[in-house]
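Notes follow the structure.
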There are 2 protein chains.
Amino acid sequence: MSTWSAVASAAPRDRMRGERAERAEQLDASGVETPESPFGVTVDVAVLTVRHGQLAALLVERKYEPFRFRWALPGGFVRVDEELEDAARRELAEETGLVLGPKRSPRGVPSHLEQLRTYGAPDRDPRRRVVSVGYLAMIADVPRPEAGSDAATARYWAASDLCLPRLGQRRGTKLAFDHAEILADAVERARAKLEYTTLATAFVDETFTLGELRRVYEVVWGEELHEANFRRKLLSTPGFVEPTGTTAPTDGRPAQLFRNGGATTLHPPILRG
Amino acid sequence: MSTWSAVASAAPRDRMRGERAERAEQLDASGVETPESPFGVTVDVAVLTVRHGQLAALLVERKYEPFRFRWALPGGFVRVDEELEDAARRELAEETGLVLGPKRSPRGVPSHLEQLRTYGAPDRDPRRRVVSVGYLAMIADVPRPEAGSDAATARYWAASDLCLPRLGQRRGTKLAFDHAEILADAVERARAKLEYTTLATAFVDETFTLGELRRVYEVVWGEELHEANFRRKLLSTPGFVEPTGTTAPTDGRPAQLFRNGGATTLHPPILRG
DNA sequence: ACAAAAGTGTTTTGTCTACACCCATGT
DNA sequence: ACATGGGTGTAGACAAAACACTTTTGT
């Protein structure tokens with residue numbers, strides 16, 4: 001088949017690669033001294049939340065070149081003995097003061113962190129080769145810490161104000177590096193995950209009304225949902241939500257409060273238009 | 001809220017980090033001389049195909065320590081000026097002779113390559129810190145090149161013979177490094193993607209019968225599908241498959257041949273049990 | 001009384017499932 | 001003739017969408 005077509009010509013060429021390639025192969029898949037070494041490895045965290053009826057992302061203003069004064073995702077270098085996810089949590093805390101809950105608490109704290117994908121275009125940093133592991137965090141809209149924080153330059157931006165590029169495109173905006181692309185991927189991932197997981201609950205408080213949860217879906221997806229059917233769908237999905245027995249006041253009739261049930265994935269998913 | 005709880009104590013501590021941290025911050029998100037530099041960056045490719053009625057993965061036998069004589073995913077170091085995906089294609093071609101088709105041909109060659117996720121546990125390589133970007137390739141079951149290839153040690157393994165770990169687990173098998181974990185993630189991703197994309201066509205030839213496509217689903221998911229309903233579902237999904245007008249002989253009545261339509265994602269998805 | 005949002009009932013509409021059956025070929 | 005897989009028809013189960021309506025609060 002065509003997939004194998006280049007084999008005949010590739011094999012002889014490979015054999016002529018010479019000694020340098022031979023030596024690199026001995027060290028393959030993690031050699032000690034290779035010419036391919038001078039990589040920087042960073043993490044960048046796209047923190048999404050729902051604020052004031054809009055999907056929003058947490059950004060920090062850069063203090064130094066390149067992209068000085070431009071807005072960027074919180075992130076930075078991974079330490080040599082550090083797990084990637086730990087690096088993401090640490091950088092997020094250092095640059096924004098935001099400390100995410102533990103990895104997996106029994107009932108699920110209203111915060112979620114997952115790996116998005118890795119961005120490694122050779123020219124994504126103007127100075128040297130840096131490969132960045134992108135992370136997506138979804139958190140409830142909790143008030144920012146007022147004072148005493150070292151994260152004075154961190155703030156939320158409405159996703160719609162950032163002119164994010166379409167999927168797969170590189171062309172940026174006001175954001176530093178390729179962070180607009182990362183953020184666009186994060187938004188797309190979040191949209192998709194609401195369909196087949198219970199992660200919408202990461203965007204609300206530990207207890208919440210079904211109205212609040214529905215508004216999360218509406219804001220993230222940008223479309224209205226039928227209230228009555230949404231309610232039925234959620235209540236009929238085992239483990240999605242669990243009543244607390246308490247109620248919360250609203251502009252109308254008080255609403256029952258729920259918390260996250262044990263479920264994480266949805267079979268079948270909730271479908272959007 | 002609790003998510004912000006550690007802020008009050010974290011802020012003063014951060015201020016006491018001293019000059020070293022300050023300097024690292026100046027170089028943040030891609031500094032030139034940091035102590036965090038000595039990372040290796042590799043790619044590892046999990047090539048999946050359907051052979052002899054089984055889901056199979058393409059592995060290579062390691063020639064050198066560590067994990068000498070153990071089976072591993074094809075992969076290796078990313079070059080300094082190389083795109084990650086290009087590195088994946090190059091290493092795959094070098095180590096197995098398999099040359100994947102172009103990124104996006106109009107009708108879609110029967111091969112698919114996508115980033116899986118990045119594996120960066122500090123101890124995943126016994127020698128030094130190596131971060132590996134995992135890739136998933138899905139290809140049709142084309143015959144291996146016979147001779148003249150430098151990939152004498154490459155062969156397919158049935159996924160069921162590899163004792164892959166459950167999702168999220170680290171514990172390995174006969175495979176080198178954490179490659180069993182990567183492969184398990186690859187299989188899980190492939191299973192999921194058959195539900196909401198047209199990627200099943202990546203596992204078959206450029207033209208195929210609906211029976212062949214159905215057997216792909218059955219093998220990957222490990223469950224039987226109702227033939228008649230499968231047919232209706234596919235034909236009613238616009239752009240999934242497109243008749244070629246030709247037929248292929250079978251053990252019974254000859255079957256119509258189809259090719260991939262333009263569609264890539266499925267709304268609504270095909271659901272498995 | 002009215003607005004506003006929560007919550008329930010019911011009808012309609014479509015889609016998934018299962019079973020029955022016909023079609024076209026090789027032996 | 002019959003085995004084998006391709007392909008079509010159709011009735012029932014089930015879930016989603018749409019509409020109407022009741023409930024409980026604040027003003």
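Fair warning: this is a prediction, and the values are worked out from it, not measured in the lab. In what follows, chains are A, B, ... by sequence order, proteins preceding strands, each numbered from 1. Computed from heavy atoms alone, side chains included, the values below leave out hydrogens, waters and symmetry copies.
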- Query: What is the distance from atom CG of Asp141(B) to atom CG of Leu48(B), rounded to the nearest 0.5 Å?
  - Reply: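 These two atoms lie 12.5 Å from each other.
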
Expressed in angstrom and rounded to an integer, what is the separation of [X] atom [atom1] from [N] atom [atom2]?
X	N	atom1	atom2	answer
Lys233(A)	dA16(D)	NZ	P	4 Å
Leu271(A)	dA15(D)	CG	P	14 Å
His267(B)	dG14(C)	NE2	P	20 Å
Leu257(A)	dT25(D)	CG	P	14 Å
Glu224(B)	dG5(D)	CD	C1'	14 Å
Arg253(A)	dC21(D)	CZ	P	18 Å
Leu234(B)	dG6(D)	CG	C1'	15 Å
Glu218(A)	dA5(C)	CD	P	12 Å

- Just checking, any donor-acceptor pair under 3.5 angstrom between side chains of Asp185(A) and Tyr119(A)?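 Indeed, the side chains of Asp185(A) and Tyr119(A) share at least one donor-acceptor pair under 3.5 Å.
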
- Message: For Arg117(B), is there an ion pair with Glu114(A) - N to carboxylate O distance below 4.0 angstrom?
- Response: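 Salt bridge absent between Glu114(A) and Arg117(B).
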
- Is there a donor and acceptor pair closer than 3.5 Å between the side chain of Asn229(A) and the base of dA16(D)?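 It does not, because no donor-acceptor pair links the side chain of Asn229(A) to the base of dA16(D) below 3.5 Å.
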
- Message: Base of dG9(C), side chain of Arg232(A) - is there a donor-acceptor contact under 3.5 Å?
- Response: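 Flag set: donor-acceptor pair detected.
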
Identify which nucleotide among [options] has an atom closest to any side-chain atom of [X], counting heavy atoms from C-beta outward.
X	options	value
Arg214(A)	dG7(C), dC23(C), dA6(C)	dA6(C)
Ala228(A)	dG9(C), dA6(C), dG7(D)	dG9(C)
Arg215(B)	dA5(C), dG6(D), dT4(D)	dG6(D)
Pro254(A)	dC19(D), dT25(D), dA4(C)	dT25(D)

- Task: For the pair Phe230(B) and Tyr217(B), name the ring-plane relationship: parallel under 30°, tilted 30 to 60°, perpendicular over 60°.
- Result: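 Answer is perpendicular, since the angle exceeds 60°.
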
- Item | Heavy atoms of other groups near Glu224(A) CD, more than 12 under 6.0 Å |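 No, the 6.0 Å shell around CD holds no more than 12 heavy atoms from other groups.
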
- Closest nucleotide of DNA chain C for Gly211(A) versus for His226(A): which of these residues is on the 5' side?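 Upstream on the strand: Gly211(A).
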
- Message: It should be established whether Gln256(A) places a side-chain nitrogen or oxygen under 4.0 Å from OP1 or OP2 of nucleotide dA6(C).
- Response: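 No, Gln256(A) has no side-chain N/O under 4.0 Å of OP1/OP2 on dA6(C).
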
- Message: Quick check on dT8(D): is either OP1 or OP2 less than 4.0 Å from any side-chain nitrogen or oxygen of Arg231(B)?
- Response: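 For Arg231(B), the contact criterion (side-chain N or O under 4.0 Å from OP1 or OP2 of dT8(D)) is met.
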
